[in-house]
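Notes follow once the structure below has been shown.
All values below come from the heavy atoms of this structure, side chains included, with hydrogens, waters and symmetry mates left out. Order of the sequence lines sets the chain letters (A, B, ...), proteins ahead of strands, with each chain counted from 1.
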Amino acid sequence: MTAPAIDVRELRKSYGDVQALDGLSLTVESGEFFGLLGPNGAGKTTFINSLVGLVHADGGTAEVFGFDVEADYREARDRIGLAPQEYNVDRFFPIHEVLEHKAGYHGVPHDVAEERAADALKTVGIWDKRDTRFDWLSGGMKRRFVLARALVSDPDLLILDEPTAGVDVELRRDLWELITDLNDDGTTILLTTHYIEEAERLCDRVAIMNEGNKVEVATPQDLMERGTDTVEVGLESAQTTAPTLDVDGVHGVTVEGDTLLVTAAGGSTLAPAVMRDLESQGYTVTSLDVRRASLEEVFVDLTRAERTQSVETEVAQ
Amino acid sequence: MRSTGFRTLLRREILRYVRRPRNTFLPPVITNLLYFTVFGVVLGARIDLGDVGLQQTGLSPSEAYILFILPGLVVLGMISNAFENASFSIFHGRWNEYIHEVLTSPLSHTEMVLAYVTASALRGVVVGLIIWAIGWLFAPVPLVNPFYLLAFTVVIPVLFAGFGLIGGLWAEDFDYLTVMNQFIIRPLVFFGAVFYPLEALDGIALTVSYFNPMVYMVNGVRYGVVPGAVDVAPDVSLAVLTGLTVAVVAIDVALVRRGYGLVE
């Protein structure tokens with residue numbers, strides 16, 4: 001049985017009073033396209049840095065393909081390609097040499113490293129800039145380059161920390177296509193992003209993180225099903241007050257003229273019961289539409305609920 | 001396979017300074033031409049060194065003085081460049097975070113340290129050779145004890161490359177590097193019997209000088225080219241320096257393993 005690409009247990013890291021990772025446990029299976037969502041300061045980058053050796057965890061364990069990131073750091077790091085959020089590129093050398101060096105650090109002989117560097121630059125579409133130094137690349141090219149650097153060691157696990165932050169639509173779609181192809185070829189992808197659409201579109205599973213811990217892990221579809229849908233019910237005449245519905249799962253009802261907005265978990269399932277209840281109360285339903293919760297709404301709901309719970313716990317203490 | 005990583009980092013470190021000779025090799029050329037011209041040619045003939053083993057060489061007084069100061073200037077050049085290279089390379093990598101390229105790679109901690117230290121020591125050796133060559137233009141330089149000359153010119157740059165690595169890890173700003181080089185290393189070398197023999201001192205000045213490690217380094221290198229008397233037995237100096245070098249490199253490895261200055 002293949003070891004998980006990432007397996008962390010009770011991972012902890014604090015910076016003074018700030019608990020960046022608060023007992024995080026998470027498993028990413030080999031070959032998965034896994035998304036990591038969370039607000040700023042949720043601990044996503046600290047988690048990633050603890051895998052690659054840039055953060056020393058205070059407690060817990062972390063393994064990459066079965067290799068402990070502390071005890072077997074060489075084996076673990078050899079399997080990871082990282083495209084970080086912040087640029088951390090060697091400015092002394094033209095970019096093709098930076099890639100050759102990175103491949104060399106991973107044990108790739110110089111002649112092979114030259115070929116790998118060329119391939120990586122062609123893959124991300126900046127081969128014609130190979131003799132340029134990083135500082136002279138445009139913003140989009142810089143994003144492409146850090147991806148090329150992550151690819152040059154031919155990693156089994158590609159970690160992308162907000163790879164499409166601040167890039168134009170065309171480049172974003174190029175990057176999506178590229179990393180989807182890599183995942184299809186067997187590379188495990190760990191993606192952090194603020195673009196919910198990106199996670200929804202690309203990821204097999206997503207974890208929502210908040211305040212250094214995991215709030216939820218599920219497929220984007222599962223998460224959306226847990227979200228609050230809105231059932232839009234069109235009535236024959238405008239209403240001034242919202243009717244009371246005797247249907248389990250309904251969170252609330254509001255009126256907008258001749259339309260009732262019924263919020264409920266699993267709106268599609270509840271819609272017939274809502275319609276029956278309204279008709280039994282004498283309303284005439286003229287239209288019915290279910291607006292599914294977006295992953296973004298689920299994300300906001302979950303992180304808000306987590307924050308509220310934390311505040312309540314603090315108050316109780 | 002793993003040694004490929006070490007060789008790559010070593011190559012990267014060497015290329016960094018070889019490709020910038022105006023910043024790395026030209027300054028010591030200019031500085032030492034000035035030293036030899038002013039201290040050797042202009043002032044050297046007027047300086048009485050006493051009995052330091054140069055009387056029987058048949059050199060003119062200015063050539064004798066140039067030969068006397070040459071080892072000290074070589075040591076100064078080697079130390080400054082080895083230290084500066086290691087400290088700058090580590091600190092600049094930390095400052096701009098591109099040292100992450102190395103830290104996130106499967107290099108062992110020992111490989112990382114040895115690559116940085118070797119490259120920096122090599123820069124020190126190259127600068128030392130340049131200074132020898134410049135000295136040669138001003139006075140004939142005999143090889144009296146080639147073993148000691150070779151041993152000291154290898155051990156000293158390695159030692160200071162090791163110190164430089166610690167400095168690069170410790171520094172929190174570029175000012176730290178300036179302070180270490182200008183206010184600690186350079187004064188120690190200048191008071192390390194570079195321009196005068198220890199015999200010229202007496203009392204407290206002489207006693208204090210014996211606590212200056214540079215005295216032993218300068219004397220060791222001098223023993224390689226100046227026939228006759230030296231101030232301190234070179235065997236003891238070489239043994240102490242070698243032991244110190246091994247200890248400093250071991251500390252380097254321990255610090256990198258701990259992630260001091262590198263890992264949050």
Side-chain angles (χ1 to χ4, degrees), chain A residues 13-15 20 45-46 48-58 64 67 69-70 72-94 97-113 134-135 146 149-150 152-153 155 159, chain B residues 1-24 85 88-116 119-120 123 169 253-264:
Chain A
K13 177 67 186 178
S14 63
Y15 299 100
T45 301
T46 304
I48 287 170
N49 285 346
S50 70
L51 297 177
V52 296
L54 297 177
V55 161
H56 180 72
D58 300 330
V64 171
F67 295 104
V69 299
E70 298 273 348
D72 313 314
Y73 67 97
R74 301 181 70 179
E75 287 79 5
R77 290 176 200 173
D78 202 18
R79 284 158 178 78
I80 301 174
L82 169 67
Q85 187 180 343
E86 303 290 338
Y87 296 131
N88 58 357
V89 179
D90 190 343
R91 263 80 163 171
F92 279 105
F93 293 89
E97 281 191 78
V98 175
L99 295 188
E100 288 163 25
H101 293 159
K102 182 61 178 165
Y105 301 154
H106 282 257
V108 179
H110 187 64
D111 51 341
V112 182
F134 182 77
D135 283 335
V146 290
R149 192 183 59 178
V152 79
S153 59
I159 300 178
Chain B
M1 277 300 279
R2 294 303 192 198
S3 62
T4 304
F6 164 76
R7 284 199 304 273
T8 304
L9 182 54
L10 178 63
R11 181 172 178 275
R12 186 260 169 211
E13 285 297 301
I14 292 171
L15 284 176
R16 191 189 66 78
Y17 58 75
V18 166
R19 288 189 185 168
R20 283 161 191 79
R22 279 182 301 182
N23 294 334
T24 52
N85 194 80
F88 175 83
S89 198
I90 294 288
F91 180 70
H92 195 259
R94 288 174 56 216
W95 185 262
N96 289 296
E97 297 190 337
Y98 64 79
I99 202 167
H100 292 179
E101 290 180 355
V102 177
L103 297 176
T104 59
S105 298
L107 285 154
S108 74
H109 304 121
T110 307
E111 283 175 329
M112 289 181 204
V113 167
L114 290 182
Y116 283 114
S120 299
R123 175 170 160 186
L169 292 174
V253 174
L255 290 175
V256 170
R257 180 172 292 133
R258 226 183 82 192
Y260 175 74
L262 297 170
V263 174
E264 292 175 1

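Rounding to the nearest 0.5 Å gives a distance of 9.0 Å between NE2 of His101(A) and CG of Leu9(B). Interatomic distance, His106(A) NE2 to Leu107(B) CG, rounded to the nearest 0.5 Å: 8.0 Å. In this structure, CZ on Phe92(A) lies 4.5 Å from NE2 on His92(B), to the nearest 0.5 angstrom.
For the pair Ser105(B) and Lys102(A), the tightest heavy-atom approach, listed with the atom from each and the gap, is OG-NZ, 2.8 Å.
By a heavy-atom distance cut of under 4.5 Å, Arg11(B), Arg12(B), Leu15(B), Arg16(B) are the residues of residues 11-18 of chain B near chain A, going up by number. Within residues 93-104 of chain B, the residues having any heavy atom under 4.5 Å from a heavy atom of chain A are, by residue number, Asn96(B), Glu97(B), Tyr98(B), His100(B), Glu101(B), Val102(B), Leu103(B), Thr104(B).
For Tyr73(A), the part sitting under 4.5 Å from any heavy atom of chain B is the side chain, from C-beta outward, and nothing else. For Arg149(A), the part lying under 4.5 angstrom from a heavy atom of chain B is the side chain only. Contact annotation for Phe93(A): only side-chain heavy atoms (C-beta onward) come within less than 4.5 Å of a heavy atom of chain B.
For Arg258(B), the CZ atom is loosely surrounded, since the number of other residues' heavy atoms within 6.0 Å does not exceed 12.
The candidate from Asp90(A), Thr46(A), Asn49(A), Leu51(A) with the greatest count of non-hydrogen atom pairs under 4.5 Å with chain B is Asp90(A). Put simply, of Val89(A), Leu82(A), Val98(A), the one with the most heavy-atom pairs under 4.5 Å next to chain B is Val89(A).
Under the side-chain contact (heavy atoms from CB on, under 4.5 Å) rule, Pro106(B) has a single partner from Asp72(A), Ile80(A), Asp78(A), which is Asp78(A).
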